[in-house]
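Remarks on the structure that follows.
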Number of protein chains: 2
Amino acid sequence: MTRRAETIELAVLGLLHEGPMHGYELRKRLNLMLGWGRVLSYGSLYPTLKKMLRTGLIEEAELGSVRPSRRPRITYQLTDDGHHRFEHLMTEVGPTAWEDETFGVRFAFFGRTDMESRLRVLEGRRSRLQERLHRVQADLARTQKEVDRYAAELQRHGVESVEREVDWLSRLIDAERRGGQPGPVDGAHLPAGTPDGGPPDRT
Amino acid sequence: MTRRAETIELAVLGLLHEGPMHGYELRKRLNLMLGWGRVLSYGSLYPTLKKMLRTGLIEEAELGSVRPSRRPRITYQLTDDGHHRFEHLMTEVGPTAWEDETFGVRFAFFGRTDMESRLRVLEGRRSRLQERLHRVQADLARTQKEVDRYAAELQRHGVESVEREVDWLSRLIDAERRGGQPGPVDGAHLPAGTPDGGPPDRT
DNA sequence: CACGGATATATCAATACGATACGTCGTGTG
DNA sequence: CACACGACGTATCGTATTGATATATCCGTG
């Protein structure tokens, strides 16, 4: 499976923890979740959903109170296999876990995995960015001859952005380490868990 | 032509202003130029070069002193049409000019266009980002019910990044305006301009 | 009630990617 | 020296991804 497809799969599995959802809604949530310009296209999402249905990671949800006149919408929910798959993907973090595309999704679901996995991903990502930084600076040292003013400014801004993300990660790692269980980020909200008292999804 | 292809074309045209280059080198320069994770793939570059050759934007450069044993490498240079095309693309800025992909390339070549075009692109990009910001915040207001702590932190960080880019753009716009012709950006850093109170923007 | 816009699923041609093949060169190493 | 190995350099191709579009229902508003 390609990187992209795997990311979508992970995202769907993660989101469905909040309760049954249909394609359109998954797409909206996802596009919002990662401030993204890059949006998730239907041409990617729907085929993925079908494949996941085929491989038994998700299933169509029974929805009792659907009004019969209502346009059919296919609401999906996790199967046990789906739960396991999610847990597996979140725990068995390989070196691909901290690439640009995947990292955001993984991070968004950190609340559903253990601290050890979180730290591994955060540190992996930080190394990745630092390495990128070093490479750019090395290249820059060699190519510095006569750089255009604007080109240089673009470089500077790029490097600065990455450095800031590194700082952000460092703060998170630090919080993770000292916070242990409870509160890594000064967050305003409590750990979600499954919101079982939660919203009746019925219309 | 699709957005991506147009971006590559612009990038090639811009780079070739520095002198003749061959594909491999263009790729390296390009990948460096935009701190990019997204790299330019051969599968995109070489076909684009051939198309540009066909449409007469570039031509093979005569290279006198090539050692005969040397593996053939195709060095390209701009034609007059290429120069015109570049100027046209940089000047006739439409609303597509400040999308994520294109903006970086355009910015890198700002030195080769006039202040008016620069300002239009910078302001366009800023509006684009602000609009994105507003949308996200609106969405956030509606969806804020029970947000997971990590998901929220990801949001926060995303918004913050965009806000910082907006600030960056504002500083650049400011510098452009007050700098007029000569030196909008300083060699190393930009004036940390607070908009109005502004004592000299000199570093 | 008619209109437009949000909701919702689905498909498909066009395009971009990334892996790989092929070959040359420079460099270090036993 | 000979050999391997990584950087240089062009080229192609199957496949994944996109983006646009078709279809259809629901709902709020003048």
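- As rounded to whole Å, 13 Å separates atom C1' of D/dA7 from atom CZ of B/R73.
- There is a side-chain donor-acceptor pair under 3.5 Å between B/W168 and A/E153.
- For A/Y24, the listed nucleotide lying nearest its side chain is C/dT9; candidates were D/dT10, C/dT9, C/dC17.
- Atom CG of B/L26 is separated from atom C1' of D/dA11 by 16 Å (rounded to the nearest Å).
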Let me see the working for A/R29 and A/E18 under salt bridge (charged side-chain N to carboxylate O under 4.0 Å, His left out), right down to the final yes or no. CA-CA 11 Å; A/R29 301 277 275 103; A/E18 295 182 14; 2.4 Å; yes

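- B/R118 and A/Y150 form a side-chain donor-acceptor contact under 3.5 Å, judged by distance and modelled atom types alone.
- Residue B/I8 contributes atom CD1, which lies 11 Å from atom C1' of C/dT15 at whole-angstrom precision.
- Dashed line: the shortest gap from a side-chain N or O of A/R4 to OP1 or OP2 of D/dT18 is under 4.0 Å.
- Whole-Å rounding puts the B/R135 CZ to C/dA6 C1' distance at 14 Å.
- The phosphate of C/dT7 (OP1 or OP2) has a side-chain N or O of A/K28 nearer than 4.0 angstrom.
- For A/S170 and A/D167, the side-chain atoms include no donor-acceptor pair closer than 3.5 Å.
- The phosphate of C/dT9 has neither OP1 nor OP2 within less than 4.0 Å of any side-chain N or O from A/R27.
- Atom pair B/E101:CD and D/dT17:C1' shows a separation of 13 Å (rounding to whole Å applied).
- A/S41 has no side-chain polar atom (N or O) that falls below the 4.0 Å cut-off from OP1 or OP2 of D/dT17.
- As rounded to whole Å, 17 Å separates atom P of D/dC13 from atom CG of B/L45.
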Could you go through nucleotides 10-12 of chain C and list every protein N or O atom that sits under 3.5 Å from one of its N or O atoms, giving the distance for each pair?
{"from": "C/dT11", "atom 1": "OP2", "to": "A/K50", "atom 2": "NZ", "distance (Å)": "3.4"}

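- The pair B/R132-B/D100 meets the salt-bridge criterion, since a charged nitrogen lies less than 4.0 angstrom from a carboxylate oxygen.
- A/R126 contributes no side-chain N or O that, together with a main-chain N or O of A/V121, makes up a donor-acceptor pair within less than 3.5 Å.
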